[in-house]
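For reference, the structure discussed in these notes is given below.
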Amino acid sequence: MRSALFLPAGNPRAIQKARTLDCDVAILDLEDAVAPEMKADARAAAVQALRDGGFGPRLGVRINGLDTPWGADDLTALSDAGVTLVVAPKVDDADAARALTAALPSDAVLWAMIETPRALLNLSAIAATPRLEALMLGVNDLAVGLRTSPAPDREPLKPWLAATVAAARAHGLLALDGVYNAFTDAEGFAAECAQGRLYGFDGKSLIHPSQIAPANAAFGPSEAEIAHARAIVAAFSAPDAKGKGAIRVDGRMVERLHLSEAERVLSHLDRGR
C-alpha cells in the first residue's frame, strides 16, 4: 500500500478519474472534504461508486465519525452497497475501534486514523482490534491537537511516527504516513516520503494525483534493493549454504532474517508491483 489517495466523494469528476489512477488505494472522503450541507449527497455518490465499480485501485471510503450526525448513516449505507474498506477518522481508543468493526459487513476491514493525543496513548490497544488492517497517521489534526509548530523535518512528530510504525508491526498491520499539504512542492514531498520510508511506513496518504508516482517510487523497492534481495535469495539457495544461519553476500554477513526480508521485497514484484 504505497499510495492511498483521498478524493472528495461529492466530486463526480474526481470519482471518474480515480478509476484510472495508479494509486494502490483510492479513498472516497465523506469527512473533511465535504461540507455539512453536502454530506448526504456525497454519501449517495460514494454508494453509487461502490455499486458501479470499475476501479483500478483498491477502493475505500472515509466515513464521518460515529460521534457526528452522519457517521452511523454512512456505515449503514456503505454496508448495504458492499463496502470492503472503511477508513475511520479520529479513532481515540480500542472501544471506538471495536464499535466500528462491529458495525462493518463481515467481509470488510477497517483502517484507523491516528489523529489525536488520546490515540497516541492508546496505540497498542487500538492496533490489537480484530479486523483492523492499517493505522493511518493523520498529521494535520495531530499537530493541532499537540499544539506543535511547523517544522520541515517534522521534528515534533518524530516520536509518534516511530510509535505508530511500532504498534502496526507489533500487531501485523499496515502503517500509512500522513499527507503532505504542499502538493506543488515536489522536492519537499520527496523528502517527506524518504523520511516515512526511513521510519518504516508502508506508504503514504495523498491529496493530489501528482503525488502518486513519487510515492509509489519512494515506498516501492529500488533497483538496487531488488538486486540485493535476489542476491540474498540466490546465495541461501546455493548447496553450500544449506544448514547455515549466516553467509556472506556482497562483502557482508547476512542472516536468515535478511533472507525473510529479501523474500518479502521480491513478493511485491510477484504481485505486479
Side-chain angles (χ1 to χ4, degrees), residues 1-12 14-16 18-19 21 23-34 36 38-115 119 122-138 167-168 171-176 202-203 205-206 271:
M1 298 298 162
R2 304 161 298 175
S3 51
L5 176 66
F6 283 97
L7 299 146
N11 186 330
I15 292 176
Q16 185 58 34
R19 289 183 163 89
L21 295 175
C23 53
D24 292 328
V25 184
I27 301 172
L28 305 183
D29 189 13
L30 299 178
E31 194 213 15
D32 285 345
V34 180
M38 298 301 295
K39 296 287 189 183
D41 289 342
R43 182 191 305 128
V47 165
Q48 192 61 50
L50 287 167
R51 289 176 174 159
D52 290 344
F55 287 86
R58 184 182 181 188
L59 183 63
V61 182
R62 177 162 71 170
I63 63 170
N64 293 282
L66 293 185
D67 59 347
T68 71
W70 312 284
D73 289 339
D74 289 346
L75 269 180
T76 298
L78 296 171
S79 298
D80 291 343
V83 70
T84 58
L85 169 59
V86 170
V87 178
K90 300 177 182 65
V91 178
D92 280 344
D93 53 37
D95 287 342
R98 285 193 293 266
L100 285 157
T101 55
L104 294 180
S106 60
D107 59 346
V109 295
L110 180 72
W111 287 13
M113 296 199 68
I114 305 302
E115 303 183 273
N122 291 304
L123 273 172
S124 183
I126 293 170
T129 305
R131 297 172 63 199
L132 184 65
E133 187 178 75
L135 298 179
M136 299 185 78
L137 200 58
H171 295 279
L173 307 179
L174 295 166
L176 279 294
D202 296 292
S205 304
L206 312 178
R271 293 197 293 270

Determine yes or no for a side-chain-to-main-chain donor-acceptor pair under 3.5 angstrom, with Asp202 supplying the side chain and Ala175 the backbone. yes
Under 3.5 Å, side-chain donor or acceptor atoms of residues 99-114 against the rest of the protein: list the pairs with distances, not counting sequence neighbours.
unit_1 : atom_1 : unit_2 : atom_2 : d
Thr101 : OG1    : Ala97  : O      : 3.3
Thr101 : OG1    : Arg98  : O      : 3.1
Trp111 : NE1    : Glu133 : OE1    : 2.8

So, using side-chain hydrogen bond (donor to acceptor under 3.5 Å, both in side chains) as the criterion, who are the partners of Ser3 when residues are at least two apart? Asn216
Can you measure from CG (Asp92) to CG (Asp67) and round to the nearest 0.5 angstrom? 8.5 Å
Taking all non-hydrogen atoms of both residues into account, name the closest pair between Asp32 and Arg62 and its distance. CB-NH2, 3.7 Å
Option passing side chain to side chain contact (heavy atoms under 4.5 Å, CB included) with Lys39 (candidates Asn64, Asp73, Thr68): Asn64
Return the set of residues passing salt bridge (charged side-chain N to carboxylate O under 4.0 Å, His left out) with Lys90 (not counting sequence neighbours), or none when no residue passes. Glu31, Asp141
Suppose we screen for side-chain hydrogen bond (donor to acceptor under 3.5 Å, both in side chains). Which residues come up paired with Asn11, at least two apart in sequence or across chains? none
Kindly write out the residues that satisfy side-chain hydrogen bond (donor to acceptor under 3.5 Å, both in side chains) with Asn122, not counting sequence neighbours, or none if the list is empty. none
Tell me the closest heavy-atom pair linking Leu135 and Ala127, and the distance in Å. CD1-CB, 4.2 Å
With sequence neighbours left out, the residues meeting side-chain hydrogen bond (donor to acceptor under 3.5 Å, both in side chains) with Arg131 are none
Name the atoms and distances for all side-chain donor-acceptor pairs under 3.5 Å in residues 42-56, with sequence neighbours left out.
unit_1 : atom_1 : unit_2 : atom_2 : d
Arg43  : NE     : Asp74  : OD1    : 2.7
Arg43  : NH2    : Asp74  : OD1    : 3.3
Gln48  : NE2    : Asp52  : OD1    : 2.9

Here the gap from Leu206 atom CG to Arg2 atom CZ, rounded to the nearest 0.5 Å, amounts to 11.0 Å
In chain order, what residues pass the salt bridge (charged side-chain N to carboxylate O under 4.0 Å, His left out) check against Asp93, with sequence neighbours excluded? Arg118
Can you name the residues that form a side-chain contact (heavy atoms from CB on, under 4.5 Å) with Ala26, not counting sequence neighbours? Leu7, Ala18, Cys23, Pro57, Leu59
Check residues 75-82 and write down every donor-acceptor pair under 3.5 Å in which the side-chain atom is one partner and the other belongs to a residue at least two apart or another chain.
unit_1 : atom_1 : unit_2 : atom_2 : d
Thr76  : OG1    : Ala72  : O      : 3.1
Ser79  : OG     : Leu75  : O      : 2.7

side-chain contact (heavy atoms from CB on, under 4.5 Å) partners of Ser124, counting only residues at least two apart: His171
Can you measure from CG (Leu28) to CD1 (Ile63) and round to the nearest 0.5 angstrom? 13.5 Å
Testing the basics here: between Ile126 and Thr129, what is the closest heavy-atom pair and its distance to 0.1 Å? O-OG1, 2.7 Å
